[in-house]
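Reading through the structure tokens given below for one structure.
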There are 2 protein chains.
Amino acid sequence: MAASTLAEVAKLAGVSPATASRVLNGSARTPGAGIAERVRAAAASLGYVANAQAQALATSSTGLIGLIVHDIADPYFSAIARGVQDAARERRRMVLLATTDGTPADEKAAVAAFAARRAESIVIAGSRSTHGEDAAANIELAAELDRYCRNGGRVGVVGQPVVGVTETAGYHTVVVPNERLARELAGAVGRDHEGPFIIVAGPQGLVTSDDRVRGIQRGLADAGRPAATIVRAPFGRNGGFEAGVEIARGIRENPGPRPVIFAANDVMAIGVAAALRDNGLRVPRDAALAGFDDIEWLRDFRPALTTATLPLEEIGRLATLGTLNDDAGPATIAGSVTMRRSTGAG
Amino acid sequence: MAASTLAEVAKLAGVSPATASRVLNGSARTPGAGIAERVRAAAASLGYVANAQAQALATSSTGLIGLIVHDIADPYFSAIARGVQDAARERRRMVLLATTDGTPADEKAAVAAFAARRAESIVIAGSRSTHGEDAAANIELAAELDRYCRNGGRVGVVGQPVVGVTETAGYHTVVVPNERLARELAGAVGRDHEGPFIIVAGPQGLVTSDDRVRGIQRGLADAGRPAATIVRAPFGRNGGFEAGVEIARGIRENPGPRPVIFAANDVMAIGVAAALRDNGLRVPRDAALAGFDDIEWLRDFRPALTTATLPLEEIGRLATLGTLNDDAGPATIAGSVTMRRSTGAG
DNA sequence: TAACAACGGGAATGCGCTTTCCCAGTGGCT
DNA sequence: AGCCACTGGGAAAGCGCATTCCCGTTGTTA
């Protein structure tokens with residue numbers, strides 16, 4: 001990485017480095033037209049590309065935004081990533097990407113790496129876990145984030161506050177009303193169905209999943225329906241598939257009224273649907289099914305999924321912009337319930 | 001971003017900055033245990049986080065990898081991104097992300113930004129366009145990449161070489177055998193179907209699309225089938241949908257033997273399928289359909305898509321690793337044809 | 001015991017840039 | 001004519017770190 005330097009450009013143009021710097025990057029002072037032209041010509045002939053590291057060191061501003069996701073290939077996260085990337089580009093920032101599989105220890109490492117790079121803000125997406133075994137790592141993550149904020153960093157949090165973070169200075173949360181939407185969703189579905197109800201949830205302690213489970217139960221209660229039984233599985237497509245296999249067996253062994261299955265997210269719902277299909281069961285004929293998130297790439301799936309629509313890209317944008325502006329206080333996105341064929345609607 | 005500095009840590013520990021540097025980053029020389037302990041304690045108490053910019057400046061190595069994709073939310077690119085991210089993490093690098101919508105001008109800008117940041121390598125994914133209006137921008141992109149390579153950068157290219165790049169030094173291409181796979185795919189499908197055949201292609205000049213179209217035509221010829229007619233549309237889900245609407249109209253207006261539709265990629269195929277369905281046509285009953293890529297998130301789609309399976313994540317890994325090692329010469333991935341229900345198989 | 005190698009620590013330099021400060025020249029004003 | 005404000009350019013001081021020398025100690029060997 002041995003590109004030519006400002007000093008070389010300056011020498012070739014016959015000016016001082018200070019002058020070269022002033023013309024090549026719009027400083028407050030603008031050198032005369034003739035000189036500027038000479039410098040620009042020299043820069044072009046040498047193929048000069050300013051060293052952003054050196055500039056960052058000199059100006060103490062990097063133009064970097066760190067993004068932390070569980071898995072960039074997961075459509076939930078990649079949709080958010082697009083929003084983050086859009087906002088970053090709009091504000092002339094570059095995004096640094098880190099993936100962590102949701103492991104608090106990895107997230108801590110990612111925050112440290114971003115802090116070392118002096119990223120101006122960090123956007124952290126992905127559900128936090130309150131599970132016991134993660135407790136220690138969560139505390140360390142929170143400490144790392146707090147340190148980052150004390151040093152002037154700003155962090156954008158998607159979903160719910162980071163477990164263990166008490167300070168609010170520097171944090172900008174985009175609140176996703178998981179519980180409220182889940183409640184509305186379950187209420188709407190509950191009005192049309194008698195049950196029994198089943199929730200395919202993620203691991204206990206995963207905040208997003210827990211919030212949605214709680215909301216669903218309340219929504220069912222609102223509609224005067226019995227509480228749902230809960231099946232837990234990993235928070236992804238394959239987790240949904242496992243749960244779906246189990247549910248299919250249950251349906252075969254204990255035939256009864258058509259069950260209604262709420263999956264904690266769309267991706268799990270797709271897994272459930274695949275498992276039911278593999279077991280000769282059809283949605284919505286043999287079981288109603290609802291998801292959560294309304295992932296864009298899954299909208300062509302049939303039967304179309306009843307779900308809670310979240311403006312994921314917008315969420316990413318808001319989280320990013322919130323850290324760049326001085327917006328005080330959390331932003332709350334709306335979201336809405338979308339009824340489709342998988343629960344018999346449409 | 002005013003974190004504490006090495007000098008502060010050194011002062012607090014009562015040692016020189018040189019010593020502090022040596023203990024905090026494994027240098028060749030390791031200070032004595034007692035001193036090391038003091039330094040580490042001082043660093044911890046100050047919450048010291050080394051400034052990666054300064055380190056980069058001093059060592060002239062940044063540990064950064066730039067990734068250029070059309071759209072991070074597109075599952076094709078996000079799968080590749082996962083591979084890149086994996087490889088980067090394995091090699092202790094961070095990835096910088098840029099999205100460009102495939103616009104050569106934006107890609108040039110992204111390369112320049114990565115060069116400024118002194119990224120050690122750049123991975124560029126996404127089809128190049130040979131279309132006339134992009135010609136000038138393509139030349140500039142190639143020039144920017146060449147300059148980057150001359151300065152010691154290494155670039156990993158996914159798919160086909162960048163248009164206009166003549167040098168090979170610094171470039172590491174992961175060749176995707178689009179034409180061969182398309183030919184195999186069309187040959188296999190052609191054996192079971194009489195036609196007529198239709199190709200839903202991307203815009204003319206998009207290299208990946210053109211390669212696949214050519215391969216399909218040759219595969220049909222291999223099987224002794226007539227050439228396919230070509231419908232062009234934007235290279236995404238909605239483009240596929242548009243084309244699907246047109247094709248559905250054609251089928252309605254000119255009923256005849258069941259047509260076979262090859263989409264230039266899976267995402268377009270999904271769009272085609274949605275359009276056919278909206279028009280009361282069913283796959284594979286009223287039309288056979290094949291895609292390309294075998295996107296993971298689309299595998300639960302029904303009818304399951306006949307397609308060419310590409311190890312996208314592996315492709316991302318190889319492109320990244322290729323730039324980091326001194327692997328000479330291009331890597332070629334295999335890929336395979338996967339026959340499923342959408343063409344009547346399975 | 002003398003000479004020397006090995007070791008462990010610090011001073012100083014430089015990475016490539018921005019920016020303050022300084023200085024000479026110019027024009028406007030009384 | 002004399003003074004001053006201003007302009008446009010350069011010298012130099014960092015930004016935070018790694019690293020090369022250099023030097024005083026200690027341990028080793030003949």
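Chain letters run A, B, ... following the sequence lines, proteins first, then strands; residues in each count from 1.
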Sequence-distant partners of [X], side-chain contact (heavy atoms from CB on, under 4.5 Å), two or more places apart:
{"X": "A:Glu140", "result": "A:Lys108"}
{"X": "B:Ser61", "result": "B:Thr59, B:Glu120"}
{"X": "A:Ala116", "result": "B:Val49, B:Ala52"}

Checklist entry - Which residue lies toward the 5' end of DNA chain C, A:Val49 or B:Gly14, if each is placed at its nearest nucleotide? => result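 Upstream on the strand: B:Gly14.
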Which pairs, protein N/O on one side and nucleotides 12-16 of chain D N/O on the other, fall under 3.5 Å?
residue: D:dG16; atom: N2; partner: B:Ala54; partner atom: O; Å: 3.4

Using a cut-off of less than 4.0 Å, is there contact between a side-chain N or O of [X] and OP1 or OP2 of [N]?
{"X": "B:Ser60", "N": "C:dC15", "result": "no"}
{"X": "B:Ser21", "N": "D:dA18", "result": "yes"}
{"X": "B:Asn25", "N": "D:dA18", "result": "yes"}

[Y] and [X] side chains, donor-acceptor separation under 3.5 Å:
{"X": "B:Asn325", "Y": "B:Arg91", "value": "yes"}
{"X": "A:Asp71", "Y": "A:Thr99", "value": "no"}
{"X": "A:Thr103", "Y": "A:Thr100", "value": "no"}

Checklist entry - Under the 3.5 angstrom rule, does the side chain of A:Thr173 hit a backbone N or O of A:Val157 as a donor-acceptor pair? => result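 No.
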Filtered N/O pairs between nucleotides 21-24 of chain D and protein, under 3.5 Å:
residue: D:dC21; atom: N4; partner: B:Arg29; partner atom: NH1; Å: 3.4

Rounded to whole angstrom units, what separation is found between the [atom1] atom of [X] and the [atom2] atom of [N]?
{"X": "A:Leu24", "N": "C:dC17", "atom1": "CG", "atom2": "C1'", "value": "11 Å"}
{"X": "A:Leu46", "N": "C:dG16", "atom1": "CG", "atom2": "C1'", "value": "15 Å"}
{"X": "A:Lys11", "N": "D:dG10", "atom1": "NZ", "atom2": "P", "value": "15 Å"}

Next on the checklist: Going by side chain to side chain donor-acceptor pair (under 3.5 Å), name the pairs with one or both residues in residues 34-45 of chain A, residues two or more places apart or in two chains.
Outcome noted: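 Listed by first then second residue: nothing to list.
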